[in-house]
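What you see is a predicted model; the values in this text were computed from it and never measured. A note on names: the letters A, B, ... follow the listed sequences, proteins ahead of strands, and every chain is numbered from 1. Hydrogens, waters and symmetry mates play no part in the numbers below; they use all other heavy atoms, side chains included.
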Amino acid sequence: MTMATESVGAGAARRASRERLARYLARRFGQAAITLIAIVILNFVILHLAPGDAIDVLAGESGGAGPEYLAQMRKSYGLDQPIYVQMVQYLWNVAQLNFGFSFRNNVSVLELIMSRLPATLLLMIASILLSFTAGVLLGVFAARRVNTFADNAVSVLALLCYATPLFWFGLMAIVLFTVKLGWLPGNGMYTIAANFNWFEATIDVLRHLALPALSLALFHMAVYTRLMRASMLEIYGLDYIRTARAKGLSQRRIAFRHVLPNAILPMVTMLGLQVGALLGGAVLVETVFGWPGLGRLAFDAILQRDHNLLIGILLFSSALVIVANLITDLVYAMLDPRIEVA
Amino acid sequence: MAPILEVRNLRTQFSGPNGYVTVVDGVSLTLAQGETLAIVGESGSGKSVTAMSILRVLPEPPARIAGGEVLLEGRDLLKLDEEAMRAVRGHQISMIFQEPMTSLNPVMTIGDQIVEALCEHRDISQDDAFAEAVALLERVRIPDAKRRVLEYPHRLSGGMRQRVMIAMALACRPQILIADEPTTALDVTVQAQILTLLAKLQSEFGMGILLITHNLGVVARVAQRVMVMYAGRVVEEAPVGPLFKHPLHPYTEGLLGATPRMHSDAEEGARQRLVDIPGTVPLPDKLPPGCAFAPRCPKVFDRCLKERPELVTNRDGRKTACFLTQERTA
């Protein structure tokens, strides 16, 4: 490799590395697409293994109906077809970005998901930023004061955050900050029927965001704190930190210039994993705080046996996780010069 | 020549499960400008700990320097606060290490790592420091330095990385370079290149080199004086020539006997066999009461088991810590 880059010029080397990157991306997107199709099929099959369909629920809610009526309903919605026909039909539709119609909500699934997606993305991004930043800062803080009172205090705090159930913390936060103190709103995403300009509206959303984002962030903040502390301590023992000390650098510079950039690498891996876990947590948080996102939509879809909607949400969530993992890999390759995209 | 570095009675300890254990016990040495002093000994003899104590880069705790003086031009480094000590590290005294593969930060370009050393100790702009880094890489004979300066350490071979380490260590023209087994992890041909480079740079910069090694071949090549350490103490000190020709301490004799040689003396006729020293270096918390080498010494007698020999200067100016040689010469 060294020989090769020496013989060709720097410009050619850069061009070659750009081509390598493009090939790498194409391959990763191909893998992602296959994964996505597999997920759709799997979800479809699992959902149809459960007894009952949307017609059963509809009939039950409207106080019962004759078997002829049910059969006619099924026929009109295409639910009388064999399951594999329904699946192929569904896959074909998905390929055209047609996720079907939510009969319960009387709108198309895509429209429904798109109306809820921004709220969930906002919640997720806020809680990722919060947990990552706080985790890194606390981890660095603890590692630089290892085995002192401050270090132990951070560890205890992290353990508490790790062990506290998300929904319980959410409810307690509402009790304290909304009911008792009245500082922050505890329900919804914005104040209804308020006449705000854009600035006031932004502040209003941020105030609504604070408690749910914090609840969702707490668990992962604890994970990041512990991981960052351990990672920092491991790096502190390595040879190149001794080199940095022998150069006469200050403790502060060693911590932030030499230890931190190396210690943060495993955290990025964790970040990719967190995205998947966050979607699960979002169901609870969105329910507790009445946050109009995908999580609550999924919850309702399960209760109402809205298969189309549920599969649509699962598909979107999977796509989100896959994209997040792809981004993680790329960020990792950017941060660590040893990883050369092949 | 007046020494620039003088270490007196250095004692370094590590905390263990049963209290502190003395790992370096009463080591004294001097180093003059342009001189190379080699410290040799087996693993665990305290050579590296001595070197790191001089620069005070041992992690404290578990380590602590329990006593002695490290005088750099008369100033005791052990009395300096951390801030003043930082100004010495990498500026007046630099250090290179055994493992060039792991001694450089993998996520920083080599240029940045050299620039960092320059900017820490000298009032220099980033651009000037960068130009200086390229010049330094050229001085340590790294080909295509202009491009290499932008690369990350994983792109370089072990020998090249050790050259980078040397460039970094010499960035601020230190008076003393401590080289802790600088060639041990390298191929034999690369070892020779690095040693030649060090010798050449020493004649250019005039720094004193404290070379730590267990390779006697390296010692013979570059050092003027040798200090032999065993179990945390100096057992023999002598100029290179006399030491190799006529080792006084049985341990030095053993070390030389365990070194393979190309030209064995002709009168011995048959091929010379390598002789090993039986046993291993005792752990610092399990030292025997008398001479630490006594259990492995072929010439041991009863006094060795009861009393510890001090390092004394013999009539011919050489120093040994052995009753045999002291009785012979006294």
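Highest contact tally toward chain B, considering only A:Ala244, A:Gly237, A:Ala246, is held by A:Ala246 [criterion: heavy-atom pairs under 4.5 Å]. The residue among B:Val107, B:Asn105, B:Val88, B:Ile178 with the most heavy atom pairs within less than 4.5 Å of chain A is B:Asn105. Taking chain A as the reference chain and counting heavy-atom pairs below 4.5 Å, the highest number among B:Met101, B:Glu99, B:Met108 is found for B:Met108. With respect to chain A, the highest number of heavy-atom pairs below 4.5 Å among B:Thr102, B:Asp112, B:Leu104 belongs to B:Thr102. Contacts with chain A were tallied for B:Glu116, B:Met168, B:Glu120; B:Glu116 has the most, counting heavy-atom pairs under 4.5 Å.
Proximity to chain B (any heavy atom under 4.5 Å) is shown, for A:Leu238, by neither the backbone nor the side chain. A:Arg257 touches chain B through backbone and side chain together, each having a heavy atom under 4.5 Å away. For chain A, the nearby part of B:Leu58 is the backbone; its heavy atoms alone come within less than 4.5 Å. Proximity to chain A is limited to the side chain of B:Leu55, based on heavy atoms less than 4.5 angstrom apart. Neither the backbone nor the side chain of B:Met85 comes within less than 4.5 Å of any heavy atom of chain A. Proximity to chain B (any heavy atom under 4.5 Å) is restricted, for A:Leu335, to the backbone atoms N, CA, C and O.
With A:Lys247 as reference, B:Gln113 is the one residue of B:His121, B:Arg89, B:Gln113, B:His91 to meet the side-chain contact (heavy atoms from CB on, under 4.5 Å) rule. Among the candidates B:Glu82, B:Arg86, B:Glu83, the single residue satisfying the side-chain contact (heavy atoms from CB on, under 4.5 Å) test with A:Ser250 is B:Arg86.
In this structure, A:Asn262 and B:Pro106 approach most closely via the heavy-atom pair OD1-CG, 3.4 Å.
Heavy-atom neighbours of B:Phe205 CZ from other residues, nucleotides or ligands within 6.0 Å: above the threshold of 12. Other residues, nucleotides and ligands place no more than 12 heavy atoms under 6.0 Å from the OH atom of A:Tyr162. Environment of CD in B:Gln126: sparse, with no more than 12 heavy atoms of neighbouring residues, nucleotides or ligands closer than 6.0 Å. The 12-atom threshold is not exceeded at CD of A:Glu234, counting heavy atoms of other residues, nucleotides or ligands nearer than 6.0 Å.
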Q: Given side-chain contact (heavy atoms from CB on, under 4.5 Å), test B:Met95 with A:Arg242 step by step and report yes or no.
A: CA-CA 10 Å; B:Met95 188 158 179; A:Arg242 191 180 53 188; over 6 Å; no

